[in-house]
Q: 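Please see the structure below; I have some questions.
The model shown is predicted, which means the values in this text are computed figures rather than measured ones. In what follows, residues are counted from 1 in the order of the sequence shown.
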Amino acid sequence: MFQGALTDKASTLRIRQSLIDQRPCTETLLNYTKSGTPFWVQMNIFPLTNEFGEVTHFAAVQRNVSEMKFQSEQLDKRNAELKKIKQNLESLVNRRTSELRSANHKLEKLAYYDALTNIPNRRAFLDAFAKSLNFAKRNGHAMLIGIADVDHFKAINDSYGHGFGDDVLTIVAQTMQQFFRQEDAIGRIGGEEFAFCMVLTSPVSPRQLLDRFREKVSILHETHPPLKGRQVTLSLGAVYVSDLKEVSIKQLLCDADEALYRAKNKGRNTIECECYDDIDNEGLEPCEDGRAGTESHSKPHHVT
């Protein structure tokens, strides 16, 4: 048996040790002919014993497996190439999937979120409003729907620049996110107008709740440096309804908008709240028109 530089040393050492231990072994290793031509051989070596059980010789059966070894190596190489191709494809698919998911997320943000304030836009607000209205109708809950308008916003832009105006809108939007509950619907519905709707599962004071929000915005200049000490105020128009069976989103928003204009006409930085239906909630504060929240409003529903 002729070995060379490429013959596996570990295989030859295992053969040697088997001979020393007088036990059989099987190895496949690279051998060489007299002329130096390499070939793969599978060797089965086993001891021969005499009548006394003593090992006197070793027999070796050798089989040239060069072609089989070559085919096996080619198959292994091909499998390795296919595995690499698969890994590359999986990596590509994962990367494209991630890019697509990111693109879809950006498109969703563009479609449903206001680019400046990063809160839901009009479309997203109306979708959330519809879901909240359906939920309130099914469960017999009341709702508070309102529109808030930044007072004298055109004068703010004209006096301090549109950059400052953008800061005002962004800070007001952030304040809404902090003030309202996660399950409430809020959104920027256009220009300096923001809207909100709340499903109320227990008695509340609409006036008190709205006034807390108005007051929170009116002192933002004390804690937000971008406002440079300049006070920002809101006018709010809202509708409180306990019986939602025959109302629509369009009607509620129209009524809230009318209430908003009345608030503006009263001098701004104030609240106008419409309280519809026979609301049997004790302790409600009176709405802006002076009537208690527990009284029915004289204005009829306009179903659309």
Q: Membership question, hydrophobic clusters at under 4.5 Å side-chain separation (ILVMFWY): are F129 and Y112 in the same one?
A: no
Q: Can any side-chain N or O of T12 pair as donor or acceptor with the backbone N or O of K9 at less than 3.5 Å?
A: yes
Q: Does Q42 form a side-chain contact (heavy atoms from CB on, under 4.5 Å) with Q62? I'd like the steps, not just the answer.
A: CA-CA 6 Å; Q42 185 183 71; Q62 303 183 50; over 6 Å; no
Q: How far apart are the C-alpha atoms of F164 and N157, what are their side-chain angles, what is the distance that settles it, and do they pass the side-chain contact (heavy atoms from CB on, under 4.5 Å) test?
A: CA-CA 7 Å; F164 182 81; N157 277 335; over 6 Å; no
Q: Would K264 and Y261 count as a cation-pi pair here, with the cationic atom under 6.0 angstrom from the ring centre and within 45° of the axis?
A: yes
Q: Taking the side chain as C-beta and beyond, is there a heavy-atom pair between R63 and V41 under 4.5 Å?
A: no
Q: Do the ring planes of F135 and H141 sit parallel (below 30°), tilted (30 to 60°) or perpendicular (above 60°)?
A: tilted
Q: Inspect the surroundings of CZ in R16 and state if more than 12 heavy atoms from other residues, nucleotides or ligands are less than 6.0 Å away.
A: no
Q: Could you tell me the separation between the OG atom of S66 and the CH2 atom of W40, rounded to the nearest 0.5 Å?
A: 8.5 Å
Q: With the side chain counted from C-beta on, respond yes when R14 and D8 share a heavy-atom pair under 4.5 Å apart, and no when they do not.
A: yes
Q: Find out whether the Lys NZ or Arg CZ of R123 is both under 6.0 angstrom from the six-membered ring centre of Y113 and within 45° of the ring's axis.
A: no
Q: Using the rule given for ring pair (Phe, Tyr, Trp, His ring centres under 6.0 Å), can you reason through F194 versus F125, listing the C-alpha separation, both sets of side-chain angles and the distance that settles it, and then say yes or no?
A: CA-CA 10 Å; F194 299 86; F125 170 75; over 10 Å; no
Q: What's the shortest heavy-atom distance between N121 and A111, and which atoms?
A: ND2-O, 2.9 Å
Q: Between F196 and F179, is the ring centroid distance below 6.0 Å?
A: no
Q: On a heavy-atom basis, which atom in P24 and which in P47 lie closest, and how many Å separate them?
A: N-CD, 3.8 Å
Q: Cut-off 3.5 Å, side chains only: do E90 and N94 have a donor facing an acceptor?
A: no
Q: So, for F39 and Y32, which heavy atoms are closest and what is the spacing to 0.1 Å?
A: CE2-C, 3.7 Å
Q: Counting distance only, does the side-chain N/O of T7 pair as donor-acceptor with the main-chain N or O of L30 below 3.5 Å?
A: yes
Q: Counting distance only, does the side-chain N/O of S102 pair as donor-acceptor with the main-chain N or O of S98 below 3.5 Å?
A: no
Q: Without swapping roles, check the side chain of S132 against the backbone of A128 for a donor-acceptor pair under 3.5 Å.
A: yes
Q: Would you indicate whether R181, at its atom CZ, is surrounded by more than 12 heavy atoms from other residues, nucleotides or ligands within a distance under 6.0 Å?
A: yes
Q: I'd like to know if the side chain of D257 and the backbone of L253 have a donor-acceptor N/O pair within less than 3.5 Å.
A: no
Q: Using a 4.5 Å cut-off on heavy atoms from C-beta on, say whether the side chain of M43 contacts that of V61.
A: no
Q: Going by heavy atoms in the side chains, are L48 and V55 under 4.5 Å from each other?
A: no
Q: Look only at the side chain of K137 and the backbone of V247, and say whether a donor-acceptor pair between them is shorter than 3.5 Å.
A: yes
Q: Evaluate the side-chain contact (heavy atoms from CB on, under 4.5 Å) criterion for residues M143 and L133: first the C-alpha distance (whole Å), next the side-chain angles of each, then the deciding distance (0.1 Å), finally the verdict.
A: CA-CA 8 Å; M143 288 190 75; L133 181 59; 3.6 Å; yes
Q: Roughly how far apart are E215 CD and L210 CG, rounded to 0.5 Å?
A: 13.5 Å
Q: Hey, does the side chain of T175 reach the backbone of I171 with a donor-acceptor pair shorter than 3.5 angstrom?
A: yes
Q: Out of curiosity, D166 CG to H162 NE2, how far, rounded to the nearest 0.5 Å?
A: 8.5 Å
Q: Dump the intermediate steps for side-chain contact (heavy atoms from CB on, under 4.5 Å) on R214 and I271, then the final yes or no.
A: CA-CA 8 Å; R214 182 198 61 78; I271 296 165; 4.2 Å; yes
Q: With a 4.0 Å cut-off on N to O distance, would you call K131 and E183 a salt bridge?
A: no
Q: For F58 and Q22, which heavy atoms make the closest approach, and how far apart are they?
A: CZ-CA, 4.0 Å
Q: Nearest 0.5 angstrom please: D211 CG to K216 NZ, how far?
A: 13.5 Å
Q: With a 4.5 Å heavy-atom cut-off, do I45 and T26 have their side chains touching?
A: no
Q: Output the distance between atom CD1 (I249) and atom CG (N134), rounded to the nearest 0.5 Å.
A: 7.5 Å
Q: Atom CE of M176 and atom CG of D184: how far apart are they, to the nearest 0.5 Å?
A: 9.5 Å
Q: State, yes or no, whether a side-chain contact exists between V232 and V150 at a heavy-atom distance under 4.5 Å.
A: yes
Q: A side-chain contact here means heavy atoms from C-beta on lying under 4.5 Å apart; do T56 and T49 qualify?
A: no
Q: Charged N to carboxylate O below 4.0 Å: is that the case for E81 and R78?
A: yes
Q: Crowded around E67 CD? As in, over 12 foreign heavy atoms under 6.0 Å?
A: no
Q: State, to 0.1 Å, how close G187 and I119 come at their nearest heavy-atom pair, and which atoms those are.
A: C-CD1, 3.8 Å
Q: Checking D149 side chain against L260 main chain: does a donor-acceptor pair fall under 3.5 Å?
A: no
Q: Any chain of hydrophobic side-chain contacts (each under 4.5 Å) joining V217 to L116?
A: yes
Q: Using modelled atom types and a 3.5 Å cut-off, is there a donor and acceptor pairing between side-chain atoms of H224 and backbone atoms of L220?
A: yes
Q: Could you check if a side-chain atom of Q231 sits within less than 4.5 angstrom of a side-chain atom of H221, using non-hydrogen atoms only?
A: yes
Q: Which residues pass the salt bridge (charged side-chain N to carboxylate O under 4.0 Å, His left out) test with D114, sequence neighbours left out?
A: R188
Q: A256 and I145: which non-hydrogen atoms are nearest, and at how many Å?
A: CB-O, 4.1 Å
